[in-house]
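Protein chains get the first letters and strands the later ones, always in sequence-line order, with residue 1 at the start of each. Below, each value reflects all heavy atoms present in this structure, side chains not excepted, and no hydrogens, waters or symmetry copies.
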Number of protein chains: 2
Amino acid sequence: MGKERVSIYRIAKEAGVSPATVSRVLTHSANVSDEKRIKVEELIQKYDFSPNAMARGLSSTQSKIIGLLAPDIRNPFYATLAVECERAASERGYILLLSNSMNNMDMEEYHLQKMFEQRVDALILMGGKVDEFVSDEEYVEKMNQIADSTPVVITGKLDGSDCYQVNIDEAQAMDILMEYLISNGHQNICIMGGRKNVNSTYVKRIRYRSSLRKYGIPFRPEYVVETQGYSVESGLEAMNEMFDSKIELPSAIIAINDFTALGIVQSIRQHSYRIPEDISVASFDNTFIADACTPRLTSMGYNYDKFGDALVETAIAALEGKSPLKLQFIPPELVIRESCRNIEQ
Amino acid sequence: MGKERVSIYRIAKEAGVSPATVSRVLTHSANVSDEKRIKVEELIQKYDFSPNAMARGLSSTQSKIIGLLAPDIRNPFYATLAVECERAASERGYILLLSNSMNNMDMEEYHLQKMFEQRVDALILMGGKVDEFVSDEEYVEKMNQIADSTPVVITGKLDGSDCYQVNIDEAQAMDILMEYLISNGHQNICIMGGRKNVNSTYVKRIRYRSSLRKYGIPFRPEYVVETQGYSVESGLEAMNEMFDSKIELPSAIIAINDFTALGIVQSIRQHSYRIPEDISVASFDNTFIADACTPRLTSMGYNYDKFGDALVETAIAALEGKSPLKLQFIPPELVIRESCRNIEQ
DNA sequence: CTGAAAGCGCTAACAT
DNA sequence: ATGTTAGCGCTTTCAG
């Protein structure tokens, strides 16, 4: 370690070329004679040299970093998406800088700040503030300010913002799920979990009602159950309350996500009902939870790998000055397992 | 955007001071007269200026980034640990650069390379190669090479390496769990899941046997069940095989982790046995899975937030030239839920 | 306490 | 095809 750190200067001197030439072979940005190129490559090999990303970024004014701000990767939905974004970014020569906002404004701001300091080339935002039904004005203003210098791609919605949006087609997802349940003879269908001020939840409820209308099934307000959280516990408590109330039990329950479904399943089992014999349960997201649950959950899934691709591709297209679509939808897919039954037979 | 980007020069000029002075107020690295400091701070506020981390890093030769290489954050164990490391790093002014190796050597190398290019100040490695019982010689050599210039902290083991280690005390964890089961009357205890060439698994098996010996319980080799993976499916298959074989069913099963436990629970239920009435199940890691399972799983947990602190603190101490402990252990804690019963009554 | 100036390691014109 | 020369935006001696 007493040695001079190796830089392109060191390589250049030893190879008898200029630093610029070393840079050229490093970036393939221009032709270099075979002779010199090979010489330089040998030295690079010899010293196991790799260029300093900070210097490169400073000089090129491109960090080759994409920032990804998620609410909490302990939620498998975000973990899966994050992993796919990382893959997509790597495939395109970018690094993913992942942070968790923990659903906390201060944290969110802190990480946004740090990402800005790193001069990330683009920003991907998911969940949290960008998923609220009524967009926070100040927040929108701040995002627009960022979007002014850095492309911002969001999963969710942010009214009046300059951001690119790549969203799950929640509407279609709910339509498909409702059709599946109704065609299996269900009429008393409950949608359980979530807050109406969360956009994705709002959209699902809207489509739930329009599906009912389409099939001529009367809407029962008590079958739309709001919960504060999107957790296992939320589902458990909501379902317990339904048992405690005198509400007629639905034949099928749509959980707002896999976590909530898990809680609902627990409650149902604790009350000695069987799934799907007595009650059918379906959910959204199709994380590994759906597959790990007993019985395995029928769930609306998304092609996460395409989702990651779309997010990252949009970000990169935007930062390269191309104009990607402002709004894209990821098609949902119904994954049928053992938690729903046909009640007509 | 036609405007000159704001840098410390812009601030300096407008404040009538030198760039060095702006830098000083930014870093609090030296005293600046109140008058000038306030003037500068006002301008910083006005332009919403934040320093370019690449320039700062290049100049100071400190990136203030800690790299964290995990196998796969879709596994809640790693997700939890990653979140805690991120928190710990943030609290100390560092950024966490998280990547997933996906249990793939090429990916691991790729991300290690990228982290090196970013000149991360320290590296935290978990799972994968650093958890193999027989350490890969070439890998050790490479890690030592990295450790030569960058502190490396690992969770796991790497024989003959210069790395710092922060490990779960697997031995104590197994001892506690065995004592709990045995004191609840269990004699036929099975340990299911994992590969013996994974260090953490190896240690658990060793202590399993020594616990048996301590309590004078005969060792039955058929009660040590190896699986290739650490997944739900691994557990399901292993338990199914046990049912298919003519082996006497154990009264308690220790799963190598929560995932495997989940699979085991599924298999047991499919075979119409009850938990814990017929068979007790316990596991390691105490992720949210243990709490979400039905019945809720008794599991050996760790204080993840202390774990994250230890990892990050060790990394930072090392990079600051202090000499943290080379080897530290995180104490385990038994979380008792409803999946094990006392069979003596 | 403050400013001038020299880098940090690379890329990107601009020459040649 | 290759070398020279400026920077990129900050920190850090070194003077004063």
Side-chain angles (χ1 to χ4, degrees), chain A residues 3-41 43-44 47-65 93 95 114 116-121 149, chain B residues 3-41 43-44 47-65 93 95 114 116-121 149:
Chain A
K3 319 192 68 169
E4 170 194 353
R5 327 165 76 79
V6 10
S7 71
I8 56 168
Y9 280 89
R10 178 86 124 81
I11 305 270
K13 201 198 304 184
E14 206 161 324
V17 302
S18 75
T21 298
V22 178
S23 174
R24 287 183 185 111
V25 345
L26 241 26
T27 58
H28 310 286
S29 61
N31 284 329
V32 173
S33 70
D34 281 1
E35 187 197 4
K36 305 206 174 193
R37 187 176 47 71
I38 289 170
K39 186 87 190 126
V40 168
E41 281 168 349
L43 269 327
I44 289 176
Y47 289 112
D48 200 14
F49 168 79
S50 49
N52 183 320
M54 292 186 287
R56 177 175 276 184
L58 185 58
S59 169
S60 67
T61 62
Q62 278 208 75
S63 62
K64 288 289 182 177
I65 300 178
I95 285 182
K114 284 298 184 187
F116 179 67
E117 286 178 9
Q118 290 296 326
R119 300 298 189 263
V120 296
D121 291 335
S149 62
Chain B
K3 320 192 67 168
E4 169 194 355
R5 328 166 76 78
V6 11
S7 69
I8 56 167
Y9 280 87
R10 178 87 127 80
I11 305 271
K13 202 198 303 184
E14 205 160 324
V17 302
S18 74
T21 298
V22 179
S23 173
R24 287 183 185 111
V25 346
L26 239 26
T27 58
H28 309 287
S29 59
N31 284 330
V32 174
S33 70
D34 280 2
E35 187 197 3
K36 305 205 172 190
R37 189 176 47 71
I38 289 169
K39 185 89 188 124
V40 168
E41 281 168 349
L43 269 327
I44 289 176
Y47 288 113
D48 200 12
F49 168 77
S50 48
N52 182 321
M54 293 186 286
R56 175 174 277 186
L58 184 59
S59 169
S60 68
T61 63
Q62 278 207 73
S63 62
K64 288 286 182 180
I65 300 179
I95 285 184
K114 284 297 185 190
F116 180 67
E117 287 178 10
Q118 291 295 326
R119 300 297 189 263
V120 296
D121 290 336
S149 62

Helical bend (five base pairs per end, nearest 10°) for the helix from C:dC1-D:dG16 to C:dT16-D:dA1: 40°

What closest approach, in Å, do A:Q118 and B:A53 show between heavy atoms, and which atom pair accounts for it? NE2-CB, 3.4 Å

Report the residues that fulfil side chain to side chain contact (heavy atoms under 4.5 Å, CB included) with B:A15, sequence neighbours left out, ordered by chain and then residue number. B:V17, B:K39, B:V40, B:L43

Would you give a per-nucleotide map of nucleotides 3-13 of chain C, 5' to 3', where B means the base has a protein non-hydrogen atom under 4.0 Å away, S means only the sugar-phosphate does, and - means neither? BB--BBBBBBB

A:N52 side, atom CG; A:S59 side, atom OG - distance, nearest 0.5 Å: 11.0 Å

Measure the spacing between OG of B:S50 and NZ of A:K114 and express it to the nearest 0.5 Å. 9.5 Å

Can you name the side chain to side chain contact (heavy atoms under 4.5 Å, CB included) partners of A:S33, sequence neighbours left out? A:E35, A:K36

Could you tabulate the donor-acceptor pairs under 3.5 Å formed by side-chain atoms of residues 19-27 of chain B, not counting sequence neighbours?
from, atom 1, to, atom 2, distance (Å)
B:T21, OG1, B:S18, OG, 3.3
B:T27, OG1, B:S23, O, 2.9
B:T27, OG1, B:S29, N, 3.4
B:T27, OG1, B:S29, OG, 2.9

Only counting residues at least two apart or in another chain, list the ones meeting side-chain hydrogen bond (donor to acceptor under 3.5 Å, both in side chains) with B:E14. B:R10, B:K46, B:Y47

Pairs involving residues 55-65 of chain A, ordered by first then second residue, that meet salt bridge (charged side-chain N to carboxylate O under 4.0 Å, His left out) (sequence neighbours left out): none

Contacts of A:D34 meeting side-chain hydrogen bond (donor to acceptor under 3.5 Å, both in side chains) (sequence neighbours excluded), chain-then-number -> A:R37

Between which nucleotides of DNA chain D, read 5' to 3', does contact with chain A run, using atoms under 4.0 Å from its heavy atoms? D:dA1 to D:dG9

From CG (B:L58) to CZ (B:R119), nearest 0.5 Å: 10.0 Å

